[in-house]
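These numbers were taken from a predicted model, which means no experiment stands behind them.
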Amino acid sequence: MTIEKEKNIRAVVSSFVEAYAMGFSDRHLSEFDDENGTINMKIHNVFIAALGSDIQYYSALARSLDSSLGKMLEKMAIKIASLHYQVRQYVEGNISIEQTAYIAKILEEYKRHSRKPLVGDYAEISSLYSCESNISKRHESDYCLFDEETEMYYLIELKIGGDLDNKKARSEKEALLEQYCILINSLGSQEKVRIYFATAYNRYGEGRPWLQGRVRQFFAEEELLISSAFWNMVCKSEEGYSIVLDEYKKSAHHIVSALATIKNTYLPSK
């Protein structure tokens, strides 16, 4: 990776973290007198309150922090990806009834464990396209990346921690496969399109096996971008994850400071 590319990635990370910290703080401070505010809605839980004011405060704030931080990481990844790819967040075009029927068939087989997901399962899906039975569809996409250098398209479904129930895993794979068909029908080739399920971090620990069975029931090993693999992809570099994490750690003090300000407002020192 060039020094300039690394600088650009670091600039994106630092700016997103700083903006997130400011927005998170402003939001919760503005809700201080709002009985429907995130923290105020939970302070009357007498069972949590019995554990102490600190626990009461942190239990109220934790879910908000986890959810909003995840949304920030999604947007940050899109911005980083736009440094290296053309980025769209939708796929639109034609897909045939025969293709959707085949997708339904293999997903049902995955569900029943009668077929293990393999990339080769849809190697011939382009041959099922028929102009006579096609329908027009539009799918919102987390990431549709186009690499101008290789002319490759990458369709990525990102779940921050990768936690999915069985029904959701099936629907995510169905949506990706329909997007896949729309793209290959438009291009006239399957060679330039890849689909992935991605996570921003490894819930089992970086470097450890990722064992989320509900996802693996519907996605092949080659379709997984777990933690570092995802960040390396959007950064288009094997150093991507290390750079993103390093810069995030350097900028995390903004979030820590925001949390301290919120706590001092809701739990002033006696």
Side-chain angles (χ1 to χ4, degrees), residues 1-25 27 62-89 141-150 152-164 172 176 194-212 215 219 221-260:
M1 177 183 290
T2 65
I3 294 176
E4 188 64 26
K5 285 178 68 175
E6 179 176 340
K7 277 184 170 180
N8 291 338
I9 292 170
R10 288 184 179 276
V12 169
V13 175
S14 62
S15 64
F16 266 77
V17 173
E18 187 170 357
Y20 167 75
M22 185 179 300
F24 190 79
S25 176
R27 173 193 163 194
R63 187 170 182 180
S64 175
L65 178 65
D66 186 57
S67 174
S68 60
L69 185 60
K71 291 176 182 177
M72 184 276 282
L73 292 174
E74 290 176 3
K75 293 176 182 177
M76 185 179 79
I78 290 172
K79 183 63 176 180
I80 292 173
S82 69
L83 299 174
H84 316 292
Y85 304 92
Q86 288 183 18
V87 181
R88 288 188 306 182
Q89 289 190 276
S141 174
D142 281 354
Y143 301 84
C144 178
L145 310 181
F146 175 64
D147 187 335
E148 291 181 305
E149 294 179 358
T150 62
M152 289 292 299
Y153 286 87
Y154 302 104
L155 294 164
I156 303 174
E157 179 66 28
L158 173 66
K159 297 298 176 189
I160 296 300
D163 193 19
L164 288 177
E172 299 291 8
L176 278 174
R194 299 287 183 272
I195 62 176
Y196 295 103
F197 177 89
T199 72
Y201 66 91
N202 186 342
R203 57 181 291 196
Y204 301 100
E206 188 60 32
R208 298 182 65 184
W210 194 74
L211 306 172
Q212 226 281 17
V215 173
F219 288 86
E221 181 70 32
E222 299 92 330
E223 295 173 331
L224 301 177
L225 290 176
I226 306 303
S227 189
S228 59
F230 168 69
W231 292 106
N232 290 346
M233 165 70 84
V234 297
C235 293
K236 205 177 177 182
S237 168
E238 291 300 311
E239 303 168 37
Y241 175 71
S242 297
I243 292 169
V244 168
L245 189 58
D246 180 64
E247 191 60 37
Y248 180 86
K249 288 178 177 178
K250 289 179 179 178
S251 304
H253 65 89
H254 293 295
I255 301 175
V256 174
S257 177
L259 292 172

Could you pull out every donor-acceptor pair under 3.5 Å between side chains of residues 235-245 and any protein atom, sequence neighbours left out?
| unit_1 | atom_1 | unit_2 | atom_2 | d |
| --- | --- | --- | --- | --- |
| Lys236 | NZ | Asp147 | OD1 | 3.0 |
| Lys236 | NZ | Asp147 | OD2 | 3.1 |
| Lys236 | NZ | Glu149 | OE1 | 3.2 |
| Ser237 | OG | Glu239 | N | 3.0 |

Discussion item. Using the salt bridge (charged side-chain N to carboxylate O under 4.0 Å, His left out) criterion, which residues pair with Arg208? Sequence neighbours excluded.
Written reply: none
Response to the item:
Shortest non-hydrogen pair, Glu206 vs Ser228, comes out as OE2-OG, 3.1 Å
Below 3.5 Å, can you tabulate the donor-acceptor pairs from side chains in residues 153-160 to any protein atom, sequence neighbours excluded?
| unit_1 | atom_1 | unit_2 | atom_2 | d |
| --- | --- | --- | --- | --- |
| Glu157 | OE2 | Lys159 | NZ | 3.4 |
| Lys159 | NZ | Glu172 | OE2 | 3.1 |

Fill in: Within residues 66-89 or reaching into it, pairs that qualify as salt bridge (Lys or Arg N to Asp or Glu O under 4.0 Å) - sequence neighbours excluded
none
Worksheet item: Tell me, which pairs form a salt bridge (Lys or Arg N to Asp or Glu O under 4.0 Å) where one or both residues lie in residues 1-10, sequence neighbours left out?
Response: Glu6-Arg10, Arg10-Asp246, Arg10-Glu247
Worksheet, complete the sentence: Across all chains, not counting sequence neighbours, the side-chain contact (heavy atoms from CB on, under 4.5 Å) partners of Ala81 are Tyr85, Val87, Leu145, Val234
Worksheet item: Are the side chain of Ser67 and the backbone of Ser64 linked by a donor-acceptor contact shorter than 3.5 Å?
Response: no
Worksheet item: What distance separates Ser25 OG from Ile255 CD1, expressed to the nearest 0.5 Å?
Response: 11.5 Å
Discussion item. To the nearest 0.5 Å, what is the distance between CD on Glu222 and OH on Tyr196?
Written reply: 9.5 Å
Discussion item. Once rounded to the nearest 0.5 Å, what's the spacing between atom CG of Leu73 and atom OH of Tyr248?
Written reply: 6.5 Å
Item to complete: Could you check whether the rings of Trp210 and Tyr204 sit parallel, tilted or perpendicular, using 30° and 60° as the cut-offs?
Response: perpendicular
Item to complete: Compare every heavy atom of Leu224 with every heavy atom of Phe219, then report the nearest pair and how far apart it is.
Response: CB-CD2, 3.9 Å
Worksheet entry | Over all atoms of both residues, closest heavy-atom pair of Ala21 and Ala258 | O-CB, 3.5 Å
Worksheet item: Is it the case that more than 12 heavy atoms not belonging to Met22 sit under 6.0 Å from its CE atom?
Response: no
Fill in: Student check: side-chain heavy atoms of Leu225 and Thr199 closer than 4.5 Å
no
Worksheet item: For the residue pair Trp231 and Ala200, what are the closest heavy atoms and their distance?
Response: NE1-O, 2.9 Å
Fill in: Full working for side-chain contact (heavy atoms from CB on, under 4.5 Å) between Ser251 and Phe16
CA-CA 9 Å; Ser251 304; Phe16 266 77; over 6 Å; no
Worksheet item: CZ of Phe230 to CE of Met233: how many Å apart, nearest 0.5 Å?
Response: 9.5 Å
Practice prompt. Quick one: pull up NE2 in His254 and OG in Ser14 and give me the separation to the nearest 0.5 Å.
Written response: 7.5 Å
Worksheet entry | Residues, nucleotides or ligands: over 12 heavy atoms within 6.0 Å of Leu211 CG | yes
Worksheet entry | Gln212 vs Ile226 side-chain heavy atoms within contact, under 4.5 Å | no
Worksheet item: Would a distance-only check, ignoring hydrogens and angles, find a side-chain to backbone donor-acceptor pair under 3.5 Å from Gln86 to Phe146?
Response: no
Item to complete: First locate atom OG of Ser68, then atom CZ of Arg63, and finally report the distance between them rounded to the nearest 0.5 Å.
Response: 12.0 Å
Discussion item. As a quick check of understanding, evaluate side-chain contact (heavy atoms from CB on, under 4.5 Å) for Tyr20 and Leu69, giving each step before the final call.
Written reply: CA-CA 8 Å; Tyr20 167 75; Leu69 185 60; 3.8 Å; yes
Discussion item. Whether the Ser227 and Arg203 side chains hold a donor-acceptor pair (N or O, under 3.5 Å, no angle test) is what I'd like checked.
Written reply: no
